[in-house]
Structures are given as C-alpha cells and as structure tokens.
Amino acid sequence: MEMRSCLENEWLSVFHLQGEIDAATAPPLQAALEEALGEGQRWFLIDLLETEFVDSVTVGLLLGSAKQAYEQGGMLAVVCQERIVMKVFEISGTKELLNVHDSEAAARSALEAAREASLQREDGGA
Amino acid sequence: MAATPPENVELHIPCDPRYIAVARLVVAGVGARVGLNVDDIDDLKVAVSEACTNVIEHARGESTTAGEPAVIVLRFIPRENEMQVEVEDYGAGFDLDQIEELELDRPSLDGGLGIYLIKQLADEVQIQSAPGSGTKVIMTKRLAR
C-alpha cells in the first residue's frame, strides 16, 4: 500500500491510499491517523479511489478513527469506487458510519457541511 | 483410460500477515482457471484473506507439533461449476458450540466481522474446529450462471 497524507488547508487532512489494505499494510495507516488525531486534527478525507482491496482490519481501524474524530467534534469521510471496496463497507454495515461516498465531490461536500454546522454551533455557544 | 488428474493447488504460508497477499494471488490465478468472473474472484479474495487474518489474529497457529513454525495451509479445489478453498491451521482450535450463532450471522465490530464477511461473500461456508485439533474454514464460490 502506498500512502500520501497532507493537511490540505487549515482544517482538512487528506489521506490518499493506493493498492491493498490488509492486516500487513494497515499499521502505517493506523499510526498516521492516530498521529493526526493526537495533533488535534479532526476532519479527515480518506481517498480510496486507487485502493483495490480492503478487509475487516481496514474497516475496524477507520471506524476507530472516525469515532475519535467524532468525539473531537469532527468527522471522517471516505471516497471509493472499486466495487469490492464499496461492497465491504456495504455488507459490514459501515457505509453510513464512515460516510462513504462514490465521488470525491460528494465526500468533500459532506465534510464541508458538517464543518459549517460545527462552526455555527461553536459560534452559537460562544 | 487414465482419469484426469485433479488440479488442486495447495499453498503453505507462514502465520504472518505479510503472506496473506500471496494467498490472494493464488485465489485470482486458480479462480480465473476455473472460470470465476472478476467480481466473484474479488469476493473470494476478501473471504480467504479474512480466514487467514483470523488465524493470525487469534494466534491459532502458535501451538504446532514438534515445535515446527506455525503455518496456514490453503487448498484450492477447482470443480466444474465452483471453486472450494480450505484454510486450515494446526493451532489450539476452539469449541464451535461456545460460539453463539448470532456472532456468526450478523456483523460484529468487536471481532466477529471477519467471519461475517466470509459468510456474506462465499456461497457456502463450513467451519470445522475442536479444541486441540486446529480449525478448518471451507469456502465455496459457485460460477455465476
């Protein structure tokens, strides 16, 4: 698995993952997500458009990160198009929990809408 | 006339996650030989990977006889209208009666997800295990008609 991650702007962390994610290749992704969460990042776009394979290990680690992001007031969204990748999210019942979309634009819209709502809540609470 | 020899393929991999990708490559090769389509091969690749991951995560291969290194044995059995894959370990095994049926028939994010995915992605699944005799997961994928 090849991984590229960047803090795209002042709020969004993007992880591009290419190849196959399984028990052997997941640990670097888990470490990178934990590091970002530890630094206080809470908005994540996980780009699986070039990912050919995911498994229950992938689902588990993304769920863990999504839960932490949510608890910090953020959100994790996933974009994928490969049939088997989408199928693993669908049959594991995690498509909604992980905000899985089939286009990058849709995933970004979901993140932007959630952040906008979050900012409004923070303004309202100030 | 001599019978056509079986085209079974047997693969022994170390009980190490780095070798699960090798098992997937063999699924693709033998699956294509049998005539499974790309989608069915992808389904079976996930199911076989999950079975291997289960062995590794539960360290079922730790206790082998005579101190031999733990291995996972995969048997790929092509048939006329289906392909069967067996994933076997020689570890501690477990009592199947102690696993609640519910755990195997619904997704559980606390560790049962792998078995659930196997059951969803293979057309037929059998799990054979007993304490002290290892575990064998037998998955069958039928050719799309």
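Values below: all heavy atoms of this structure, side chains included; hydrogens, waters and symmetry mates excluded. To find a chain, count down the sequence lines: A is the first, B the second, and so on, and within it residues start at 1.
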Checking A/E52 against chain B: side chain, backbone, both or neither under 4.5 Å from a heavy atom?
neither
Out of curiosity, does [Y] fall in the hydrophobic cluster containing [X] (side-chain heavy atoms, cut-off under 4.5 Å, transitive links)?
X	Y	value
B/F76	B/I138	no
B/V22	B/V55	yes
A/V59	A/L97	yes
B/I72	A/V57	no
B/I127	B/V87	yes

How long is the gap from CZ on B/R24 to CZ on A/F53, to the nearest 0.5 Å?
4.0 Å
Out of B/L117, B/I118, B/I115, which one pairs with A/S56 under the side chain to side chain contact (heavy atoms under 4.5 Å, CB included) rule?
B/L117
If you count heavy-atom pairs under 4.5 Å with chain A, which of B/L121, B/T53, B/V46 comes out on top?
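Highest number of pairs under 4.5 Å: B/V46.
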With side chain to side chain contact (heavy atoms under 4.5 Å, CB included) as the criterion, how do B/D43 and A/I84 come out once you've worked through the C-alpha distance, each side chain's angles and the decisive distance to 0.1 Å?
CA-CA 7 Å; B/D43 288 356; A/I84 189 62; 3.3 Å; yes
Applying a heavy-atom distance below 4.5 Å, give me the residues of residues 33-50 of chain A that approach chain B, sorted by number.
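None at all.
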Are there residues of residues 10-24 of chain A whose heavy atoms fall under 4.5 Å of chain B's heavy atoms? If so, which?
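Residues of residues 10-24 of chain A touching chain B at under 4.5 Å: A/E20, A/D22, A/A23, A/A24.
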For A/A106, the side chain to side chain contact (heavy atoms under 4.5 Å, CB included) test, sequence neighbours excluded, returns A/H101, A/S103
Tell me whether the count of non-hydrogen atoms from other residues, nucleotides or ligands lying under 6.0 Å of CD in B/E80 goes above 12.
no
N/O donor-acceptor pairs under 3.5 Å from side chains in residues 34-42 of chain B, not counting sequence neighbours:
residue : atom : partner : partner atom : Å
B/N37   : OD1  : B/D39   : N            : 3.1
B/N37   : OD1  : B/D40   : N            : 2.8
B/D39   : OD1  : A/R83   : NE           : 3.1

